Each structure stands twice: as C-alpha cells, then as structure tokens.
Amino acid sequence: MMNNEQIVEALKESGMRITRQRMIVADVIADNDGACCKDICCIVRGKGRCKVQQGDVSNLNMNEQYDLATAFETIYFWPGLEKCFSEVNKALKPGGIFMIVNESDGTDKASLQFESIIDGMKCHTVEEIEGALKEAGFSKVKSDHHESKPWITVIAKK
C-alpha cells in the first residue's frame, strides 16, 4: 500500500491543501495497512478531527459537505459504480478527494473466486473504476497498483 509520503503527494497532485487533518488521516492510513475503513475512521475520530457518517451510497442526499471520502474494500458491493460514484461526487466540496482502496484489481484469480461465493460481490478493474469515476464527474483520476500484489489505490478529485 501507499506510505504517508505517497498519500500526501497524491493529495498534493490532486490540488489539495495539506492540512493538519489531512496529515492525520494520511498518517493513520499509512500506519494501519490493511485496516478497514471503519477502523481507520475510528482511529482518526479518536483524534477528534473527523466526522464519520453512515448511509446508503446509492442515495446519500449530502451536498458538498465533505473534503474527503474514502472507500476501503467496499465498492465490491456497491449497486452500480457510476451512480454511486456520482453520489459521492455530490457529497464532496469543490476540489474534494475520493480515495478507493481495494485488495483486488479485478483480475486476480484468488479474489475473482469470491464473486461466485459471496452474493452481490463484483471485483472491478482499475479501468472500470477510472471510467466510472470520470463518468460520475470526477476530473483528475490517479491510480497506484502494488508492484507484486493485486492491491490498488485510486484517487479522484471533484
């Protein structure tokens, strides 16, 4: 996965200001490799700098409220990437960042076997994710693929 410096650099390249809150989030993500989104949110929230909101990603009804949205190991179960990404886009403030982290790049056999075992699961390729993000209105989209594992990080800017 990405280290703190890579996360910060990706945010900078997306045009984000590197605030103290964003540094905290980057530190927590980098220090907790493999942690689920809920765990990362709880750790950051414990530092008093983050609001965690739960909802239906296909119908968020949140307009320009957030600087950052994350999806750790969850988009496998989202009902239609473009619609859900569009809802995330609406929830972000102008210039907001959406970061997706998956342990499957949609091509690895080990992960693809779970599609037939787990109801509703769909592994997506980087190209599918990037295309859906662009169709949903995100401007800059950047992907990082682990050099030896099927792990991916996709960062998109509103």
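These numbers come from a predicted model, not from an experiment.
No side-chain donor from either of S104 and N102 sits under 3.5 Å from a side-chain acceptor of the other. When only modelled atom types and interatomic distance are considered, S111 and E103 share no side-chain donor-acceptor pair under 3.5 Å.
Remark: S139 OG to L133 CG distance equals 10.5 Å, nearest 0.5 Å. Summarising the geometry, atom SG belonging to C123 is positioned 10.0 Å from atom CD belonging to Q113; distances are rounded to the nearest 0.5 Å. One distance of note links OG1 of T153 with CD1 of I100; it measures 10.0 Å at 0.5 Å rounding. Within the model, atoms NZ of K142 and CD1 of I97 stand 11.0 Å from one another, a figure rounded to the nearest 0.5 Å. Atom OG1 in T125 sits 11.5 Å away from atom CG in D108 (nearest 0.5 Å).
Without hydrogens or angle criteria, E130 side chain to E127 main chain gives no donor-acceptor distance under 3.5 Å. Looking at K158, its side chain does come within 3.5 Å of a backbone N or O of L92 through a donor-acceptor pair. In this structure, Q65 contributes its side chain and M62 its backbone to no donor-acceptor pair below 3.5 Å. No donor-acceptor distance shorter than 3.5 angstrom exists from the side chain of T74 to the backbone of A71, with no hydrogens or angles considered. Distance alone, capped at 3.5 Å, is enough to place a donor-acceptor pair between the N89 side chain and the A136 backbone.
When all heavy atoms of L60 and E87 are compared, the closest pair comes out as N-OE1, 2.9 Å. Considering all non-hydrogen atoms of both residues, I129 and H124 come closest at CG1-CB, 3.8 Å.
Under a hydrophobic clustering in which Ile, Leu, Val, Met, Phe, Trp and Tyr are joined whenever their side-chain heavy atoms come within less than 4.5 Å, directly or via other members, Y76 and W151 fall into different clusters. L81 is not connected to L112 by any chain of hydrophobic side-chain contacts under 4.5 Å among Ile, Leu, Val, Met, Phe, Trp and Tyr, and they are in different clusters. In terms of hydrophobic clustering, with Ile, Leu, Val, Met, Phe, Trp and Tyr side chains grouped at heavy-atom distances under 4.5 Å, W78 and M121 are assigned to different clusters.
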Margin query: One pair to check against side-chain contact (heavy atoms from CB on, under 4.5 Å): D144 and I152. What are the steps and the verdict?
Written below: CA-CA 6 Å; D144 181 62; I152 58 172; over 6 Å; no
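A perpendicular orientation is assigned to the rings of F85 and F98, their planes being inclined by more than 60° (bins at 30° and 60°).
Counting heavy atoms of neighbouring residues, nucleotides and ligands inside a 6.0 Å radius, atom CG of D56 exceeds 12 of them.
Side-chain contact between E115 and K122: present, with at least one pair of heavy atoms (C-beta onward) separated by less than 4.5 Å. No side-chain heavy atom of V154 sits less than 4.5 Å from a side-chain heavy atom of M99.
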